[in-house]
Amino acid sequence: MANEDKDGYDPSTVEEKWQRLWEERGTNTFTREDLESAEDPFYNLMMFPYPSAEGLHVGNIYAFTGADVHGRYQRLRGKTVFEPMGFDAFGIHSENFALKQGTHPMDLIPSNVKNFKRQLKRIGGMFDWDHSVDTTDPAYYKWTQWVFLQLFNAGLAERKEAPVNWCPSCMTVLANEQVIGGECERCGTPVEQRRIAQWFFRITDYAQRLLDNLDDIDWSQTTMKAQSNWIGRSTGAQLHFPVLGRDGEETGASIEVYTTRPDTVFGATYMVLSPEHPMVDQVTDDGLRAPVYAYIDKASKRDLVARQKVDKTKSGVPTGGFCRNPATGERIPIWIADYVLMDYGTGAIMAVPGHDTRDFEFAEQFDLPIVRVVAGPDDAADAPLEEAYLGPGRLVNSGDFDGTDVSESVDAVTAWAQDGGWGEAKVNFRLHDWCISRQRYWGPPIPIIHCDVCGPVAVPESDLPVVLPRVEDFKPDDSGVSPLARVASWYETTCPECGEDARRETDVSDTFLDSGWYFLRYPSTDFDDRPFDTEITKRWLPVDTYIGGNEHAVLHLLYSRFLTMVLKDLGHLDFEEPYTVFRAHGLIIADGAKMSKSKGNVIVPDPIIAEFGADSFRMYLMFLGPYEEGGDYRPQGIQGPFGFLHRLWDTVVSADDGTPDPDVERKVHQTIRQVTEQVPQLSYNTAIAAMMECLNVVRAGGRDAVRAEVEPLVVMVAPFAPHMAEELWERLGHEGGLFDGAHWPVYDEEKATELTVEIAVQVNGKLRATISVAADASEDQVITAARSEENVERHLDGKDERRVIHVPGRLVNFVVG
RNA sequence: GCCGGGGUGGUGAAAUCGGUAAACACAGGGGACUUAAAAUCCCCCGCCCGAAAGGGCUUGCGGGUUCGAGUCCCGCCCCCGGCACCA
């Protein structure tokens, strides 16, 4: 009894021991020299967390464990694996939490980071804590500001007025995500729009390249799809509609519209301008100014998000102005309506109510003419329209184009418009320029000085970082500008170019800028005179595998791709895609629902780790479902992996030298084959199942194992349960750490080959027997054996045998009638 | 509405070049060992008929292709995630 206790598996002792040894030996940390000279480097990256006050949640641990398993596997294959971790601690999230708590973020963040680090060490991640980043550290954001300046100097950062969501009660600018149904998420006050000058990065210049490069990177399908949808390329035409004066003559001005259906231009019976369109004044008839302005005013009160909600009823006002339809020559009225967005296309449309659902609704509501210009296969040219017709067919009521099939009509009409000088083919993107200004406190100050003489001037690189000052009152106020704008002693400065009095930019930058380049920094944190070292970057980047949540499928991943392209174009990098492989992990849910405090189904990890150990917890998380799909967390489920690790421990510590049993050895080699195939594909749940099956065979009937039967299992289990694997590896008598060599087992195809196979025997597709035959049995032998099964004979008896289908190694099917 | 991903036992899930549906595990039941418990080992565990042998049915629903369909095709329903008046 006492002896058994001594040799029994005690997770906390083992885990404490190996975490201490890894730290003492520097198992997971690199020196600068290591990074400069690493052979076979593998950069294993995972999305860094926002260090909340609550600590790591199960979702974080799931994400990091899956990535860590991958890193450890690569290491056991002999790669030099760099696996860094850091903290994305700037941003509105932290700031709001600090406001709520009444604690300054500069005090809050360090304690959160400390707690996160403790937890991250406890779960046994292979992190290099000598190369960590904290985005709120001036030594880091110095280089975030440097990145901004690279774009500024290249003309890729520009300042322009743009609308923001403004909560008049909280007196603050809100992000779109903070506006729920047109109201402030915190106080429920209707949100308004304000126009403020902000900094934008010209990501739209890179839209086509961001789209094209998707063909060359190995990413989760869903993520690539999300990116291409977000970029939203569409092809069509830009058409010019001449504006008519009160006399009915052309004024020389024209309204530009973008359309994907230029072929329906003969059906354009009116025009619509967005309320913000710059030509509204110009086209509005004096007699209608009052209602038009009232409408525009009302529209501006509605926030940007609510505007985009589909209302049943459309609203709008006529301007009294007219255009000429360049295809038909007819005079058509110009309306204003908020269903047209200034954000997309040209902010104006030609309305074709016959063939656009929204235009149809609007025309019905305001009694505007509806003309059919496309007829479906069974429609007459003048068949009345009950709803917009969007299907295939031929053009009608379209002059010379009558009869043209819609499959060709877009190109044909575009060419005609081009010849006539009133249009041209045009590609349009949904993607907008990236607004990086935040009228907030908790972020890196944008490194710009505004000078009355010189305009916006870059802070000289030698003056970086522009340090965020400690401001006790960092709450945003009614002014709509950053709290930094209240600190004269900070923003008053002199122009670096002319020396006149000048003022610092008081906005801070978007958190996505912090996280847009962090992967470049990790390997170079030993350098404080450059953002990333050229030689080290050449050796380690781009990132080999990036793992993270699909909630960042669009913004973070798109922005970091963009910044990488820019830095390449500016000569700082020699690659333009940051992440060669990206895999999105799934979501952990509990009781069929996303974990949330309000549902009361949040799993707190610390007590589970205390009770079962990090190894069992890691293994269970990887076992509960396919990693890329997530799964349902059930508290009892951990018993499976926990019991498995115990049995593995007992088997290994009691294993003797000896010759492996051939049947067991076969199973072991089959398992090596399967696990080696599945682990790199992140099919962790099935790989673990295979190892369990293997151990069941090793232990079947309570037999004692020999070392050669279990040693491969110790190594294969190591990515999942690294502490226990190290301990067993040592007990098996190996010198040096398990992870310090290419110890992954190799299977022998011959030893993995089955000698006999089970064959299903069917009669007319129904299973009637299974037989066991030698793997190399001939077709005749198999069929003869199948036919002689008693139950098969009975079903064949007296019937015509029409066909016999033999799938080697699988089944025999007798088709009778 | 659009774009992804799904729908399989009491539960988490396996199996998709079409070939024995339910591997592995949780929960449950029975047994061995034990003074007892734990641990360990063995057996049962989709539904219906049957004493058994065996038979019938079963992968959200309805059709189809095929010797054979969870897997392929057509048409639906439902759930999860994202986008959404994008012209």
Side-chain angles (χ1 to χ4, degrees), chain A residues 4 8 220-226 228-230 232 234 236 257-261 264 272 274 305 307-311 314 337-341 343-352 355-359 361-362 428-431 550-551 553-554 584 586-587 589 592-594 620 623-626 628-641 643-644 646-647 650 683 685-694 696 699-703 758-770 790-791 794 802-817:
Chain A
E4 215 176 280
S220 291
Q221 196 58 42
T222 60
T223 314
M224 292 205 285
K225 195 75 196 165
S228 81
N229 288 346
W230 188 265
S234 80
V257 302
Y258 173 74
T259 174
T260 56
R261 291 297 303 274
T264 61
V272 186
S274 147
V305 175
R307 270 281 297 283
Q308 290 168 12
K309 284 233 167 75
V310 188
D311 280 334
K314 298 252 182 299
D338 67 3
Y339 82 90
V340 174
L341 308 173
D343 269 5
Y344 185 76
T346 62
I349 60 157
M350 66 173 198
V352 183
H355 305 286
D356 180 280
T357 313
R358 298 148 302 178
D359 297 344
E361 281 170 22
F362 192 82
N428 207 40
F429 294 95
R430 208 199 76 113
L431 183 68
N550 228 357
E551 68 271 20
V554 177
L587 216 64
I589 56 175
K594 210 168 159 173
Y620 172 54
F623 181 60
L624 57 64
E628 292 177 77
E629 285 167 38
D632 204 342
Y633 186 94
R634 292 162 311 123
Q636 283 165 327
I638 197 170
Q639 292 296 347
F644 167 73
H646 268 97
R647 289 191 294 277
D650 292 345
S683 300
N685 57 331
T686 49
I688 292 169
M691 291 189 271
M692 289 174 165
E693 235 180 286
C694 184
N696 289 345
R699 290 168 62 88
R703 67 182 284 277
E758 292 273 290
I759 302 282
V761 185
Q762 299 179 335
V763 178
N764 282 349
K766 289 207 186 289
L767 185 70
R768 297 303 176 192
T770 57
E790 193 191 323
N791 200 37
R794 202 170 62 233
R802 294 181 181 162
R803 249 172 105 181
V804 181
I805 288 152
H806 175 230
V807 182
R810 288 286 186 178
L811 62 62
V812 174
N813 186 13
F814 296 96
V815 185
V816 300

### Task
Describe the nucleic acid contact of D359(A) in one word from base, sugar-phosphate, nothing, applying a heavy-atom distance below 4.0 Å.
nothing
### Query
In the strands shown, is G4(B) matched to any nucleotide by a Watson-Crick or G-U wobble pair with both distances under 3.5 Å, and which?
C80(B)
### R768(A) vs A53(B): side-chain N/O to OP1/OP2 distance below 4.0 Å
no
### Query
U35(B) and G29(B): how far apart are their C1' atoms, nearest whole angstrom?
25 Å
### Message
Rounding to an integer number of angstrom, what distance separates C72(B) and C17(B) when you compare their C1' atoms?
### Response
12 Å
### Query
Which atom names give the shortest non-hydrogen contact between I805(A) and V815(A), and what distance separates them?
CD1-CG2, 4.2 Å
### Query
How would you label the contact of Y633(A) with the nucleic acid (heavy atoms, under 4.0 Å): base, sugar-phosphate, or nothing?
nothing
### Query
U40(B) phosphate, OP1 or OP2: any side-chain N/O from R699(A) under 4.0 angstrom?
no
### Query
Base, sugar-phosphate, or nothing for P626(A), non-hydrogen atoms under 4.0 angstrom?
sugar-phosphate
### Query
Does one side chain, of S234(A) or Y258(A), offer a donor that lies under 3.5 Å from an acceptor on the other?
yes
### Task
Nearest whole angstrom, please: distance from the P of A69(B) to the CD1 of I805(A).
12 Å
### Query
Is the shortest side-chain N/O distance from R802(A) to OP1 or OP2 of C67(B) below 4.0 Å?
no
### Task
Taking only the side-chain nitrogens and oxygens of N685(A), find out if one of them lies under 4.0 Å from OP1 or OP2 of A23(B).
no
### Query
When you compare G46(B) with A51(B), how far apart are their C1' atoms, in angstrom units rounded to a whole number?
23 Å
### Task
Report the relative orientation of the aromatic rings in Y620(A) and Y633(A); use parallel for angles under 30°, tilted for 30 to 60°, perpendicular for over 60°.
perpendicular
### Message
Students often get this wrong, so: under 4.0 angstrom with heavy atoms, is T770(A) touching a base, only sugar-phosphate, or nothing?
### Response
base
#### Entry: Sugar-phosphate, base or nothing in reach of Q762(A), heavy atoms under 4.0 Å
base
### Query
Under 4.0 angstrom, heavy atoms only, what part of the nucleic acid is Q221(A) near: base, sugar-phosphate, or nothing?
nothing
### Query
Roughly, in whole Å, what's the span from CG in D338(A) to C1' in C86(B)?
15 Å
### Side-chain N or O of R634(A) closer than 4.0 Å to phosphate OP1/OP2 of A27(B)
no
### Task
Please tell me which of G765(A) and G643(A) maps to the more 5' nucleotide of RNA chain B, matching each residue to the nucleotide holding its nearest heavy atom.
G643(A)
### Task
Could you please name the option among C67(B), U20(B), G4(B) that lies closest to any side-chain atom of V815(A)?
C67(B)
### Message
Taking A38(B) as the reference, what is the distance to G28(B) when you measure between their P atoms (whole Å, please)?
### Response
12 Å
### Query
CE of M224(A) versus C1' of C3(B): gap in Å, rounded?
15 Å
### Message
Which nucleotide wins on minimum distance to the side chain of R647(A), given the candidates C83(B), C24(B), C41(B)?
### Response
C41(B)
### Query
How about Q762(A) and F814(A): do any of their side-chain heavy atoms sit closer than 4.5 Å?
no
### Over-ring placement of K314(A) relative to F362(A), 6.0 Å and 45° cut-offs
no
### Query
When you compare C3(B) with G12(B), how far apart are their P atoms, in angstrom units rounded to a whole number?
29 Å
#### Entry: Short side-chain donor-acceptor distance under 3.5 Å, N550(A) and T222(A)
yes
### Atom pair distance, as rounded to whole Å: CD in E693(A) and C1' in A22(B)
13 Å
### Interatomic distance where CG belongs to D343(A) and C1' belongs to A84(B) [whole Å]
13 Å
### Task
Both distances under 3.5 Å, Watson-Crick or G-U wobble: report the partner of C24(B), or none.
G12(B)
#### Entry: Side-chain N,O (R358(A)) to OP1/OP2 (A87(B)) below 4.0 Å
no
### Query
Contact class for R430(A) (heavy atom, under 4.0 Å): base, sugar-phosphate, or nothing?
base
### Query
Just checking N813(A): base, sugar-phosphate only, or nothing, at a heavy-atom cut-off of under 4.0 Å?
base
### Between G6(B) and A14(B) - P atom distance, rounded Å
11 Å
### Task
Describe the nucleic acid contact of R794(A) in one word from base, sugar-phosphate, nothing, applying a heavy-atom distance below 4.0 Å.
sugar-phosphate
### Task
Send over the distance from N791(A) CG to A52(B) P, rounded to a whole Å.
17 Å
#### Entry: Complementary nucleotide for C72(B) - Watson-Crick or wobble, under 3.5 Å
G64(B)
### Separation of atom CD in E790(A) from atom C1' in A53(B), rounded to whole Å
9 Å
### Task
Tell me whether the OP1 or OP2 atom of A87(B) has a side-chain N or O from K314(A) closer than 4.0 Å.
no
### Task
Pick base, sugar-phosphate or nothing for L624(A), based on heavy-atom distances below 4.0 Å to the nucleic acid.
sugar-phosphate
### Query
Is a side-chain N or O of D359(A) found less than 3.5 angstrom from the main chain of V352(A), in a donor-acceptor match?
yes
### Query
Is the shortest side-chain N/O distance from Y344(A) to OP1 or OP2 of A87(B) below 4.0 Å?
yes
### Task
Hunt down the Watson-Crick or G-U wobble partner of U40(B), both distances under 3.5 Å, from any strand shown, or write none.
A32(B)
#### Entry: Q636(A) side-chain proximity, nearest of A25(B), C26(B), C57(B)
C26(B)
### Query
Using purine N1 to pyrimidine N3 plus N6-O4 or O6-N4 for Watson-Crick, or N1-O2 and O6-N3 for G-U wobble, both under 3.5 Å, which nucleotide pairs with A53(B)?
none
### Query
P atom, A69(B) versus C80(B): distance in rounded Å?
32 Å
### Query
Is N550(A) touching bases, backbone alone, or none of the nucleic acid, heavy atoms closer than 4.0 Å?
nothing
### Message
From CD of E629(A) over to C1' of G12(B), roughly how many Å is that when rounded to an integer?
### Response
13 Å
### Query
Which atom pair, heavy atoms only, marks the closest approach of E628(A) to S220(A)?
OE1-OG, 3.8 Å
### Query
In terms of base orientation, is G9(B) syn or anti, with the syn window spanning 90° either side of 0?
syn
### Query
Does L624(A) offer a backbone N or O that forms a donor-acceptor pair with the side chain of N685(A) under 3.5 Å?
no
### Nearest-neighbour nucleotide for the N696(A) side chain, C24(B), A87(B), A14(B) considered
C24(B)
### Query
Taking the same atom, P, in A13(B) and in G7(B), what whole-Å distance lies between them?
9 Å
